[in-house]
Every structure is written in structure tokens, then in C-alpha cells.
Colleague: 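There's a structure below that I have some questions on.
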Amino acid sequence: MDLFVVPTIGFKLLYGFVIVRVDRRDLVWINVTTNPTAEWIARQITEAFPWDGAPGYMIRDRDRIYGAVVTRRLRAMAFGTQGSQVRILPLRPLFQ
């Protein structure tokens, strides 16, 4: 599950939402909006997975848009969730 920004030719921003099933490399759901909210994302999750067809686990990034509303929806649908782990690697000089 990911949310990404797409600039338009008129310098407006569209926000794309995508859900990919990694084990099958299958695109499950994609939608676009101009104003993403936590409620909109929760509704997209509900539309992407029927109540009996949800996978057992979902990996998502630690974006602020996934607030309490999205977390409650995932728990109600019996998802196990995991925020992605971000590691910052130490910088090494190019020339030593």
C-alpha cells in the first residue's frame, strides 16, 4: 500500500494510491484524488478487499496520512500491519 504524488502538466498535484499483492505481483487497487484524507484511504481499502477477501498482512510506509482512521479500518478487517522500517545509512566519502 503506497500513496504517491503525480504532478500534472498544469502544475497541479494528484495523489495516487496503489495496493500491490507482492506474493503474486498483482496490482490489486489503484485510484487518484486531488485531496487525500485518512477517510478516503480507509474507503479505498474497503473497496479493494471484500470483507472475506482481505489478505492477512499489509505492509505500508510510515506516512502521516495513515492516521487512526486507517489503522482502525485495518484492524476491523483483521489485517496485521507493519510500517516499513527506514534505515539511514552512514555516508562514506567518495575519495579516501
Side-chain angles (χ1 to χ4, degrees):
M1 174 169 72
D2 196 17
L3 187 69
F4 57 93
V5 179
V6 179
T8 66
I9 194 137
F11 299 106
K12 294 183 181 181
L13 296 178
L14 295 176
Y15 297 87
F17 179 73
V18 66
I19 299 175
V20 178
R21 191 177 296 257
V22 178
D23 60 343
R24 297 182 194 168
R25 296 182 184 176
D26 185 25
L27 183 63
V28 175
W29 189 260
I30 189 163
N31 208 342
V32 178
T33 186
T34 57
N35 187 20
T37 62
E39 291 82 10
W40 181 80
I41 291 177
R43 188 174 340 115
Q44 298 306 309
I45 293 168
T46 303
E47 291 178 10
F49 300 108
W51 286 102
D52 58 348
Y57 206 77
M58 183 170 289
I59 300 172
R60 59 183 172 90
D61 58 0
R62 296 184 184 270
D63 198 351
R64 285 181 154 181
I65 194 71
Y66 308 124
V69 175
V70 174
T71 304
R72 279 194 309 264
R73 180 66 51 93
L74 291 172
R75 285 185 186 152
M77 295 178 73
F79 275 109
T81 63
Q82 174 67 40
S84 62
Q85 300 296 322
V86 177
R87 282 187 9 191
I88 299 174
L89 300 174
L91 296 176
R92 288 184 263 166
L94 293 174
F95 305 103
Q96 295 182 353

Colleague: Distance from Asp2 atom CG to Ile30 atom CD1, nearest 0.5 Å?
Modeller: 10.5 Å

Colleague: To the nearest 0.5 angstrom, please state how far the CD atom of Gln44 sits from the CE atom of Met1.
Modeller: 11.5 Å

Colleague: Is it possible for you to say whether Leu3 and Phe49 belong to one hydrophobic cluster, with membership spreading through side-chain heavy-atom contacts below 4.5 Å?
Modeller: yes

Colleague: State plainly whether one hydrophobic cluster holds both Val28 and Val70, where clusters connect Ile, Leu, Val, Met, Phe, Trp and Tyr through side-chain heavy atoms under 4.5 angstrom apart.
Modeller: yes

Colleague: Shared ILVMFWY cluster between Trp40 and Phe4, side chains joined below 4.5 angstrom?
Modeller: no

Colleague: Atom OG1 of Thr34 and atom CG of Leu13: how far apart are they, to the nearest 0.5 Å?
Modeller: 10.0 Å

Colleague: Applying a strict under-4.5 Å side-chain criterion to I, L, V, M, F, W and Y, I'd like to know whether Val5 and Trp29 cluster together.
Modeller: yes

Colleague: Please answer: with hydrophobic residues joined when any side-chain heavy atoms are less than 4.5 Å apart, are Ile45 and Tyr15 in the same cluster?
Modeller: yes

Colleague: Do the side chains of Phe17 and Thr33 get nearer than 4.5 Å, heavy atoms only?
Modeller: no

